[in-house]
2 protein chains.
Amino acid sequence: MTRWAPDAPARLEQAAIELFASRGYAATTVPEIAERAGLTTRTFFRHYTDKREVLFLRERDFPRIVSELLAAAPPALTPWGLVMHGFETVVSRDFDGWREGMRRRRAIIRSDPHLRERELLKSSMLSRAIEEALVARGAEDAELLARLGSAVFDTALDAWLDDDADPPLLQVLRATRARMLRLVD
Amino acid sequence: MTRWAPDAPARLEQAAIELFASRGYAATTVPEIAERAGLTTRTFFRHYTDKREVLFLRERDFPRIVSELLAAAPPALTPWGLVMHGFETVVSRDFDGWREGMRRRRAIIRSDPHLRERELLKSSMLSRAIEEALVARGAEDAELLARLGSAVFDTALDAWLDDDADPPLLQVLRATRARMLRLVD
DNA sequence: TGTCCTGATGACATGTTGTGTCATCACTCT
DNA sequence: AGAGTGATGACACAACATGTCATCAGGACA
């Protein structure tokens, strides 16, 4: 047990989500978030580089996770199969059950372009991690593959969050991948 | 002839590019940019909502242009053909010749995550415009098509800027589209 | 038991970004 | 000539973000 209440980052995240949801992102200030978490403004900025970042605590590990996943994947896969294998694995492990929380978070993010911007940067960093993992395995066209994979994944995620029937995300992802094949020529 | 020197937005853009290039994005302040353009800080923020935006003056018209292009495209095209038709048209009209300017701008944008973020938002807004144009023409899977198109376009643009042989962007775009077909399964 | 070290936090100061508000002044329209 | 328009200047100010030093609980170790 440490001297301070533990998990300052998580407490700040929780306080921020509550305030953003109730009075809006732009209308809540960092001092307000810090106070609700029982901390000071300065401490907020020690854990998060800026006000937007507090909504993306979970995303911090994504690039590393995907990177490890791709490095450990079966060697026989095609490059595109490898990319989709990574997404399918992480999706089966980490996503189902979080749907409601993700919906709430998405509603906040959609309410402000600054948050949308940060979300796009996170997605782009994930794409970059995929690209590097592909290069490490000697694949060609890593940049294009990573971007296409991200496009399919992001679209699947949106469809999953919008679908009130709440199917498994893995199923939506595979369907989106198949849709893509039918569309392009 | 107006009372003030014309083209305040363009002058601010020019001043900003010069300062960003010489001393870096983070190290130049808005008052410095404004002074170099012969204007005040307050006037800078009248023309640009924030410091990042000054690098994206040209992007303002993109969504409208693509939108009009897709609305006026031949009706016989497949949805994917329509998306790529839009990119191919705009690319042939507006891009060749700007390569050096775009390379300089890209170097600045890559130097700072805040600028990269804004660039991603612009790309996303373009994608959204494509999606809406597709919906207006009654296409299915508009979101996925727009995202895939953007992925191909962004990748082609990067390859074009990196290729010292300076081929026509249209050619690079078509090659990227073809590469994509070979990759996915 | 006492001392030193460590690391998270608080306290304070400060620079930068972004906005609200009102005044100014050249130009235009009538 | 006088009223209206619209871009800009001037000023005030809130919020964001960072640098720096002080504080203080707990662990390591003699």
Side-chain angles (χ1 to χ4, degrees), chain A residues 1-57 60 108-109 111-119 121, chain B residues 1-20 22-57 60 108-109 111-119 121-122:
Chain A
M1 187 49 77
T2 67
R3 160 177 42 151
W4 302 279
D7 260 337
R11 267 159 51 223
L12 287 164
E13 180 199 32
Q14 184 58 29
I17 288 177
E18 289 164 8
L19 289 173
F20 291 168
S22 66
R23 58 178 98 164
Y25 168 77
T28 104
T29 69
V30 174
E32 287 166 349
I33 299 169
E35 198 205 340
R36 174 176 266 249
L39 295 165
T40 49
T41 302
R42 190 64 186 86
T43 296
F44 177 95
F45 285 111
R46 280 202 188 88
H47 292 283
Y48 298 103
T49 57
D50 55 51
K51 187 179 159 189
R52 302 176 272 302
E53 197 68 10
V54 74
L55 279 179
F56 299 90
L57 180 58
R60 291 223 246 253
I108 297 173
I109 290 172
S111 76
D112 193 295
H114 289 108
L115 293 172
R116 177 84 185 112
E117 235 178 334
R118 181 56 49 85
E119 184 183 45
L121 184 64
Chain B
M1 188 48 76
T2 67
R3 161 176 43 149
W4 302 279
D7 261 336
R11 268 158 52 221
L12 287 164
E13 181 198 33
Q14 184 58 29
I17 288 176
E18 290 164 7
L19 289 172
F20 291 168
S22 66
R23 59 177 98 161
Y25 168 77
T28 104
T29 68
V30 173
E32 287 167 349
I33 298 169
E35 197 204 339
R36 174 176 266 249
L39 295 165
T40 48
T41 303
R42 190 66 187 85
T43 295
F44 177 94
F45 285 112
R46 280 201 188 90
H47 291 284
Y48 298 103
T49 57
D50 54 51
K51 186 179 159 189
R52 302 174 273 303
E53 197 68 11
V54 74
L55 279 179
F56 299 90
L57 180 57
R60 292 225 246 251
I108 297 173
I109 290 173
S111 75
D112 192 294
H114 289 109
L115 293 171
R116 177 86 185 110
E117 236 179 334
R118 181 54 50 85
E119 184 184 45
L121 184 63
K122 295 296 177 184

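In what follows, every chain begins at residue 1, and chains take the letters A, B, ... in the order their sequences are listed.
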Trainee: May I have the distance from A/Arg118 (atom CZ) to D/dC16 (atom P), rounded to whole angstrom?
Mentor: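 Going from A/Arg118 (CZ) to D/dC16 (P), I get 14 Å.
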Trainee: Which pair of heavy atoms, one from B/Leu12 and one from B/Ile33, lies closest together, and at what distance?
Mentor: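 Shortest heavy-atom contact: O-CG2, 3.7 Å.
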Trainee: Tell me the closest heavy-atom pair linking A/Thr41 and A/Ala34, and the distance in Å.
Mentor: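 Looks like N-CB, 3.7 Å.
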Trainee: Decide, yes or no, whether a salt bridge links A/Asp112 with A/Arg52 under the criterion of side-chain N to carboxylate O below 4.0 Å.
Mentor: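 Salt bridge: no.
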Trainee: Which atom pairs link the protein and nucleotides 12-17 of chain C when you take only N or O atoms and keep those under 3.5 Å?
Mentor:
| residue | atom | partner | partner atom | Å |
| --- | --- | --- | --- | --- |
| C/dT17 | OP1 | B/Lys51 | NZ | 2.9 |
| C/dT17 | OP2 | B/Val30 | N | 3.2 |

Trainee: Please classify the nucleic acid contact of A/His114 as base, sugar-phosphate, or nothing, using heavy-atom distances under 4.0 Å.
Mentor: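 Here A/His114 touches no strand at all.
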Trainee: Looking at every non-hydrogen atom in both residues, tell me the closest pair between B/Phe20 and B/Lys51 and how far apart they are.
Mentor: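 Taking B/Phe20 first and B/Lys51 second, the nearest heavy atoms are CE2-CE, 4.2 Å.
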Trainee: What is the separation between atom CD on A/Glu53 and atom C1' on D/dA17, rounded to the nearest whole Å?
Mentor: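 After rounding, the reported distance stands at 14 Å.
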Trainee: Which atom pair, heavy atoms only, marks the closest approach of A/Ala37 to A/Arg11?
Mentor: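 Distance-wise, the nearest heavy atoms are O-NH2, 2.7 Å.
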Trainee: Measure from CZ on A/Phe44 to C1' on D/dG19 and round the result to the nearest Å.
Mentor: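 Result: 18 Å.
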Trainee: Counting distance alone, no hydrogens or angles: does the base of D/dG9 have a donor or acceptor under 3.5 Å from a partner atom on the side chain of B/Arg46?
Mentor: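 In this structure, the two groups form a donor-acceptor pair.
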Trainee: Do you know the tightest heavy-atom contact between B/Arg60 and B/His47?
Mentor: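 For B/Arg60 and B/His47, the tightest heavy-atom pair comes out as NH2-O, 3.5 Å.
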Trainee: If only atom types and distance count, is the side chain of A/Asp50 paired as donor or acceptor with the main-chain N or O of A/Glu53 below 3.5 Å?
Mentor: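 At least one qualifying donor-acceptor pair exists.
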Trainee: In whole Å, I'd like the distance from the CZ atom of A/Arg23 to the P atom of D/dA15.
Mentor: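 About 11 Å, once rounded to whole Å.
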Trainee: For B/Phe45, what residues pass the ring pair (Phe, Tyr, Trp, His ring centres under 6.0 Å) criterion, not counting sequence neighbours?
Mentor: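 Scan of B/Phe45 (ring pair (Phe, Tyr, Trp, His ring centres under 6.0 Å), adjacent residues dropped) gives none.
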Trainee: Does OP1 or OP2 of D/dT8 have a side-chain N or O of B/Thr40 closer than 4.0 Å?
Mentor: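 Indeed not, no polar side-chain atom of B/Thr40 lies that close.
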Trainee: Output the rounded distance in Å from OH (A/Tyr48) to P (C/dT9).
Mentor: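 That distance rounds to 11 Å.
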Trainee: Please list, by residue number, the residues of residues 8-20 of chain B whose heavy atoms come closer than 4.0 Å to an atom of DNA chain D; answer none if no residue qualifies.
Mentor: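 When residues 8-20 of chain B is checked for heavy atoms under 4.0 Å from DNA chain D, the hits, listed by number, are B/Ala8.
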Trainee: Verify, without hydrogens or angle tests, whether B/Lys122 (side chain) and B/Glu117 (backbone) share a donor-acceptor contact under 3.5 angstrom.
Mentor: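 Answer holds: no.
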Trainee: Any side-chain N or O of A/His47 less than 4.0 Å from the OP1 or OP2 oxygen of C/dA8?
Mentor: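 Result: no.
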